[in-house]
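Data first, discussion second: the structure below is written as structure tokens.
In what follows, every chain begins at residue 1, and chains take the letters A, B, ... in the order their sequences are listed.
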Number of protein chains: 2
Amino acid sequence: MTRAQKTVSNIGDTVIVHESETLDQLFGYHLKRAMNVFQMDLKQTLKPFDLRMLTYTALVMIVENPGLRQSQLAHAMEVERPNMVVIIDTLENRELITRDPVVTDRRAYALNATLAGRRLAEKATIAVRTHEERLLHAVPPERRESVIAALTLIRTIGGGETT
Amino acid sequence: MTRAQKTVSNIGDTVIVHESETLDQLFGYHLKRAMNVFQMDLKQTLKPFDLRMLTYTALVMIVENPGLRQSQLAHAMEVERPNMVVIIDTLENRELITRDPVVTDRRAYALNATLAGRRLAEKATIAVRTHEERLLHAVPPERRESVIAALTLIRTIGGGETT
DNA sequence: TCAAAATTGTTATGACTTATAACTAAATGA
DNA sequence: TCATTTAGTTATAAGTCATAACAATTTTGA
């Protein structure tokens, strides 16, 4: 049973739902279903590192963009500023990052990863890559690239985000 | 500025984040970003019909699978049963669906769409398709099919859902 | 047959996520 | 200078999602 064709079928006595013709034709529906799989897997993958999706993303972004401001990070991650505070708090409390003063702007903090932060990001990323590989092993690399290109195209058009 | 290459660049005096090398290499990251775009758009698209993503999905599934039970729908939508109750309540209160008794099982309800429900589903679906078209217009149909096929492949492998 | 187990839908509730309003401190700029 | 804007924060509300427990019913198997 590779693809769903019928909307309903019978096994013995019980009716089993097989999706919906209409929804099956919607791109966003497939996007959501695939997203669910990735999200559940990612959650489990990050659990050993005591990271959530957002804290992981923030950590990696800080590692690769030293000196980043919270507001910039919030904007990049499409997260509201107040919510970014607690994410940063979490990472700072675990001493994975530091809030350093910015000489040119005393309101702002420059975010920097500590050595522990960089190491954790590295380890977590390896785990995430491994798990992605497991999910994607049936999709050849060039297909993956093609899909990513399509997704990026969609985002840059529909999202209005120039980044 | 179509694609991000550098992680950080300077415009005038302010540092601007351009994503992250590491995250950019992750399939799930692109999936999530594209998903955000779709989700925000869908939310706006369904607002005039006073439907949310889940109520829309449930309504369409009921329209196309008459007689469906709540638990079957919950399973198909990957939603917990208690949460399905409120979704069904909402649709029933608006008289878009009915909970009909099942002669063979007095515990269960057979879900059926009313005429109003079918009409609303139809109108909403047209709107959703239109909005998807706008988001996807830069992606040629065969690319879309290819992406959907890849997403389905991922789901059937990683998700474990035979459905 | 009939008691135990499982299932359907439900209620109540709590955890977690995300959004909004309002505030302080600092920077900007007319 | 003084009004306006911005960075970060606090408090809080709204929204989403998951868990436990329950009544009614069906199924199971001893």
State whether the number of non-hydrogen atoms from other residues, nucleotides or ligands found under 6.0 Å of [X] atom [atom1] is greater than 12.
| X | atom1 | answer |
| --- | --- | --- |
| Q25(B) | CD | yes |
| F27(B) | CZ | yes |
| Y56(A) | OH | yes |
| E122(A) | CD | no |

In whole angstroms, how far is the C1' atom of dT10(D) from the CG atom of D89(A)?
->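 My rounded result for the distance is 11 Å.
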
Can you check the E92(A) CD to dG8(D) P distance for me, whole Å?
->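 For the pair E92(A) CD and dG8(D) P, the rounded distance is 12 Å.
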
How long is the span from the CG atom in L135(A) to the NE2 atom in H131(A), to the nearest 0.5 Å?
->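 Going from CG on L135(A) over to NE2 on H131(A), the span is 8.5 Å.
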
Do any N or O atoms of the protein come closer than 3.5 Å to N or O atoms of nucleotides 24-27 of chain D, and which pairs are they?
| from | atom 1 | to | atom 2 | distance (Å) |
| --- | --- | --- | --- | --- |
| dT25(D) | O2 | R107(B) | NH1 | 3.3 |
| dT26(D) | OP1 | R106(B) | N | 2.9 |

ILVMFWY cluster, V85(B) and L111(B) together (side-chain gap under 4.5 Å) |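 Per the 4.5 Å side-chain linkage, V85(B) and L111(B) are not co-clustered.
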
Any link between I87(A) and V63(A) through a network of hydrophobic side chains (Ile, Leu, Val, Met, Phe, Trp, Tyr) touching at under 4.5 Å?
->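 Per the 4.5 Å side-chain linkage, I87(A) and V63(A) are co-clustered.
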
Pick out the pairs of N or O atoms, protein on one side and nucleotides 11-17 of chain D on the other, that lie under 3.5 Å.
| from | atom 1 | to | atom 2 | distance (Å) |
| --- | --- | --- | --- | --- |
| dT16(D) | OP1 | R52(B) | NH1 | 3.2 |
| dT16(D) | OP2 | R52(B) | NH1 | 3.3 |

Which nucleotide of DNA chain C is the first, and which the last, in the 5' to 3' direction, to come under 4.0 Å of a heavy atom belonging to chain A?
->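 In short, chain A contacts DNA chain C from dT17(C) to dA27(C).
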
Reckon S71(A) has a side-chain N or O less than 4.0 Å from the OP1 or OP2 of dT6(D)?
->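 Negative; the distance criterion is not met.
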
For the residue pair Y109(A) and Q70(A), what are the closest heavy atoms and their distance?
->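 Between these two residues, the closest heavy atoms are CD1-OE1, 4.0 Å.
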
